Amino acid sequence: NFKYEAGLEDIHMNIESRLHDLLGPNAGFMHTARSRNDQVVTDFRMWVRDAIDELSTLISNCMGKYLDLAEANHDSVMPGFTHLQCAQPVTFGHHMLAYVEMFSRDRERFFDAQKRLNECPLGSAALAGTAFPIDRFKTSKDLGFRKPMANSIDAVSDRDFALEFLSTASICATHLCRFAEELVIWSSDQFGFVKISDRFSTGSSIMPQKRNPDAAELVRAKVGNITGSLVSLLTILKGLPLAYSKDLQEDKELVFRVYDNLCLILRVMTEMLEETVVNKEVLRKAASARFITATDLADYLVSKCHFNFRKAHQIVGRLVRKAESLDCDLKE
């Protein structure tokens with residue numbers, strides 16, 4: 001119900017004016033020993049600190065769904081790919097656990113960034129600190145920071161914490177994007193590895209048979225928005241002299257937007273995974289693709305016939321070419 005008065009300079013003066021209505025002239029003491037510069041960046045660091053806690057929870061929830069799929073398909077054989085070509089047989093569970101590792105690193109990066117940003121700028125004022133006898137260690141402790149920032153000029157101009165947040169978010173979103181792309185491929189008629197539920201698919205306006213993986217495609221698309229925000233802030237910061245410049249006002253929009261988008265796609269991916277059906281029989285048939293065990297045959301020649309691996313590789317390569325000319329598999 002706060003009434004914002006456009007005639008006042010900004011949100012800070014609005015708050016001070018409202019406190020003046022409630023408290024009288026004592027509200028004027030609020031701005032003692034501080035500037036909007038150190039106040040805003042303190043608030044911003046606290047906001048990012050909380051945002052990381054929320055994102056870490058969402059990442060953990062998403063990891064849980066990958067683990068569920070891995071456990072349910074620990075023995076579901078499928079083709080592993082390199083260059084999007086059948087390479088060697090693996091299991092679907094093993095493939096899912098690759099993403100668990102990726103998201104584990106994302107979570108660690110967020111916690112690492114959170115530890116580094118958790119220093120308090122308050123008391124730096126506009127850039128040169130303050131002559132008032134304040135206790136920066138007390139305010140840091142009261143606000144949940146590890147310690148005060150060491151240099152007042154750096155404190156008001158630093159946005160490394162925002163860059164780290166955007167960078168880590170971009171890496172996490174890229175991991176989500178990679179799996180979203182796999183879902184798009186795997187759910188196609190040509191692959192048929194998985195079925196995405198109707199809740200995350202849509203039909204075509206003119207083709208009755210279509211089931212388009214829209215949610216996965218939108219997860220994939222959101223990553224461009226997230227990565228673009230990182231590039232935007234890097235571009236804003238690259239030419240700024242110390243200390244504060246109004247350009248830094250643009251950092252909030254970028255960080256808030258990335259937070260919203262990453263929260264959204266983490267939630268969507270978590271729910272979509274819960275309703276994704278794995279076609280184990282199709283996976284098994286795909287894993288019997290011609291020559292998919294060629295590497296195993298080469299390893300066999302090394303272990304049983306005592307060829308060096310290069311020699312074994314050449315022998316199996318010739319066998320593959322022979323099988324191709326006869327239009328048969330290696331086992332035939």
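The shown structure was predicted, so the numbers you read here are calculated from the model rather than taken from an experiment. Numbering of residues begins at 1 and proceeds along the displayed sequence.
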Task: Side chains of Leu237 and Leu248 in contact at under 4.5 Å (non-hydrogen atoms) - done: yes
Donor-acceptor pairs under 3.5 Å, side chain of residues 49-71 to any protein atom, not counting sequence neighbours: which ones?
unit_1: Arg49; atom_1: NH1; unit_2: Asn118; atom_2: OD1; d: 2.7
unit_1: Arg49; atom_1: NH1; unit_2: Leu143; atom_2: O; d: 3.3
unit_1: Arg49; atom_1: NH1; unit_2: Gly144; atom_2: O; d: 3.0
unit_1: Arg49; atom_1: NH2; unit_2: Leu143; atom_2: O; d: 2.8
unit_1: Asp53; atom_1: OD1; unit_2: Gln114; atom_2: NE2; d: 3.0
unit_1: Glu54; atom_1: OE2; unit_2: Arg267; atom_2: NH2; d: 3.2
unit_1: Ser56; atom_1: OG; unit_2: Ile52; atom_2: O; d: 2.8
unit_1: Thr57; atom_1: OG1; unit_2: Asp53; atom_2: O; d: 3.2
unit_1: Ser60; atom_1: OG; unit_2: Ser56; atom_2: O; d: 3.0
unit_1: Ser60; atom_1: OG; unit_2: Arg107; atom_2: NH1; d: 2.6
unit_1: Asn61; atom_1: ND2; unit_2: Thr57; atom_2: O; d: 3.4
unit_1: Lys65; atom_1: NZ; unit_2: Glu274; atom_2: OE2; d: 3.4

Task: Contacts of Arg18 that satisfy salt bridge (charged side-chain N to carboxylate O under 4.0 Å, His left out) - sequence neighbours left out - done: none
TODO: Apply side chain to side chain contact (heavy atoms under 4.5 Å, CB included) to Leu264 and list each qualifying residue two or more places apart in sequence or on a separate chain.
DONE: Lys222, Val268
TODO: Classify the side-chain pair Ser76/Asn73 by whether it contains a donor and acceptor separated by less than 3.5 Å.
DONE: yes
TODO: State, to 0.1 Å, how close Ala33 and Asp38 come at their nearest heavy-atom pair, and which atoms those are.
DONE: O-OD2, 4.4 Å
- [ ] Just grab all the ring pair (Phe, Tyr, Trp, His ring centres under 6.0 Å) pairs involving residues 1-46, residues at least two apart or on different chains.
- [x] Phe44-Phe161
Open item on the list: Taking ring pair (Phe, Tyr, Trp, His ring centres under 6.0 Å) as the cut-off, I'd like each qualifying pair that reaches into residues 116-144, sequence neighbours left out, listed once.
Closed with: none
Open item on the list: Could you tell me if the side chain of Leu122 sits less than 4.5 Å from the side chain of Phe145, heavy atoms only?
Closed with: no
Open item on the list: With a 4.5 Å cut-off on side-chain heavy atoms, are Glu101 and Leu97 touching?
Closed with: no
Only distances under 3.5 Å count here; give the side-chain donor-acceptor pairs of residues 319-329 to other protein atoms, sequence neighbours excluded, each with its distance to 0.1 Å.
unit_1: Ser325; atom_1: OG; unit_2: Lys322; atom_2: O; d: 2.6
unit_1: Asp327; atom_1: OD1; unit_2: Arg290; atom_2: NH1; d: 3.2
unit_1: Asp329; atom_1: OD1; unit_2: Phe291; atom_2: N; d: 3.3

- [ ] Could you list the residues that satisfy side chain to side chain contact (heavy atoms under 4.5 Å, CB included) with Asn225, not counting sequence neighbours?
- [x] Ser229, Arg257, Asn261
Open item on the list: If I compare all heavy atoms of Ala126 with all of Ser35, which pair ends up nearest, and what's the gap?
Closed with: N-CB, 3.3 Å
- [ ] Determine whether Ser288 and Arg284 make a side-chain contact, defined as any pair of heavy atoms from C-beta on separated by less than 4.5 Å.
- [x] no
Open item on the list: Once side-chain hydrogen bond (donor to acceptor under 3.5 Å, both in side chains) is applied, what residue pairs with a partner in residues 159-176 remain, sequence neighbours excluded?
Closed with: Asp106-His175, Arg116-Glu164, Arg159-Asp251
Open item on the list: Asp158 vs Arg45, test: salt bridge (charged side-chain N to carboxylate O under 4.0 Å, His left out). Steps then yes/no.
Closed with: CA-CA 11 Å; Asp158 170 57; Arg45 282 174 179 264; 2.6 Å; yes
Open item on the list: With heavy-atom distances below 4.5 Å as the criterion, would you say the side chains of Trp186 and Lys195 are in contact?
Closed with: no
- [ ] Evaluate the ring planes of Phe81 and Phe191, with Trp represented by its six-membered ring, and classify them as parallel (under 30°), tilted (30 to 60°) or perpendicular (over 60°).
- [x] tilted
Open item on the list: Just so I know, are the side chains of Leu230 and Leu254 near enough to count as touching, which here means a heavy-atom distance under 4.5 Å?
Closed with: no
Kindly list each side-chain donor-acceptor pair under 3.5 angstrom involving residues 87-96, sequence neighbours excluded, with atom names and distances?
unit_1: Thr91; atom_1: OG1; unit_2: His94; atom_2: N; d: 3.0
unit_1: His95; atom_1: NE2; unit_2: Glu182; atom_2: OE1; d: 2.9
unit_1: His95; atom_1: NE2; unit_2: Glu182; atom_2: OE2; d: 3.2

TODO: With the side chain counted from C-beta on, respond yes when Leu176 and Leu266 share a heavy-atom pair under 4.5 Å apart, and no when they do not.
DONE: yes
Distance-only check: which donor-acceptor pairs under 3.5 Å involve side-chain atoms of residues 297-309, not counting sequence neighbours?
unit_1: Ser303; atom_1: OG; unit_2: Asp299; atom_2: O; d: 3.2
unit_1: Ser303; atom_1: OG; unit_2: Tyr300; atom_2: O; d: 3.1
unit_1: Asn308; atom_1: OD1; unit_2: Arg310; atom_2: N; d: 3.0
unit_1: Asn308; atom_1: OD1; unit_2: Lys311; atom_2: N; d: 2.7

Task: side-chain hydrogen bond (donor to acceptor under 3.5 Å, both in side chains): pairs with one or both residues in residues 231-249, sequence neighbours excluded - done: Lys246-Gln249
TODO: Provide the full list of side-chain hydrogen bond (donor to acceptor under 3.5 Å, both in side chains) pairs with a residue in residues 124-138, sequence neighbours left out, each pair given once.
DONE: Lys138-Asp142
Open item on the list: Using side-chain heavy atoms (C-beta onward) and a distance below 4.5 Å, is Val77 in contact with Lys285?
Closed with: no
